[in-house]
Amino acid sequence: MPASTLIASLRQDAGLTQEELARRVGTSQPAIARLEAGGTSPSVATLERLARAADMDLEIRLVPRPAPDPVIAAYLKDIDRSLLRENLRLTVDQRIRALASLQSFHEEVGRGVAAARKRKLRQ
């Protein structure tokens, strides 16, 4: 969560206006507005002061990241991004028509495979 969202959230959760939070912290309302708008990056000490002024505690935790899935990592490495860009240039209608064409082709191949299996079983 961005610090700006965190600050706006803690203020709103405490039922404070920007002016009230600013007064409790000892700063100006425009300074709080800049923090909430993402105009500045507050230090941890500033975040602690803002949290205390809203009767909250700031808690920072480190949590391990989940191990990446090797199958997904391999898949992402081999994605043909040029094909993705080409498909995204198509309209929705063009993409649906292309999908319907592929589905028809898939069904035709399936019928051909089934016919070949029948011929093989007769031999």
Count I, L, V, M, F, W, Y as connected when their side-chain heavy atoms are under 4.5 Å apart, and connections chain through other members. Are [X] and [Y] then in the same cluster?
| X | Y | value |
| --- | --- | --- |
| Leu50 | Ile60 | yes |
| Phe105 | Val113 | yes |
| Val44 | Met1 | yes |

Return the [atom1] to [atom2] distance between [X] and [Y], rounded to the nearest 0.5 Å.
| X | Y | atom1 | atom2 | result |
| --- | --- | --- | --- | --- |
| Gln12 | Ile7 | CD | CD1 | 12.0 Å |
| Leu35 | Thr46 | CG | OG1 | 7.5 Å |
| Ser28 | Gln18 | OG | CD | 10.0 Å |
| Ile72 | Lys77 | CD1 | NZ | 14.5 Å |
| Arg111 | Glu108 | CZ | CD | 6.0 Å |

* To do: Give a yes or no on whether a salt bridge exists between Asp80 and Arg85, defined as a side-chain N under 4.0 angstrom from a carboxylate O.
  =>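 Result for this pair is no, no salt bridge flagged.
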
* To do: Report yes or no: does Glu36 contribute a side-chain atom to a donor-acceptor pair with the main-chain N or O of Ala33 at less than 3.5 Å?
  =>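 Looks like no, no N/O pair under 3.5 Å.
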
* Answer yes or no: is there a donor N or O on one side and an acceptor on the other, between the side chain of Arg11 and the main chain of Leu16, under 3.5 Å? =>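 Indeed, once roles are kept as given, a pair shorter than 3.5 Å links the two residues.
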
* Closest approach of Leu90 and Arg95, non-hydrogen atoms and distance? ->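 It is O-NH2, 3.0 Å.
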
* Of all the heavy-atom pairs spanning Ala37 and Ser4, show the shortest one and how long it is. =>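 Between these two residues, the closest heavy atoms are C-CB, 4.3 Å.
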
* Flag for Ser101-Ser104: side-chain donor and acceptor within less than 3.5 Å ->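 Side-chain D/A pair, Ser104 to Ser101: absent.
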
* To do: Answer yes if the side chains of Glu19 and Gln29 hold a donor-acceptor pair under 3.5 Å, and no otherwise.
  =>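 There is no such pair between these side chains.
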
Just so I know, are the side chains of [X] and [Y] near enough to count as touching, which here means a heavy-atom distance under 4.5 Å?
| X | Y | value |
| --- | --- | --- |
| Asp55 | Arg24 | yes |
| Leu21 | Thr17 | no |
| Glu86 | Ser82 | no |
| Leu10 | Leu58 | no |

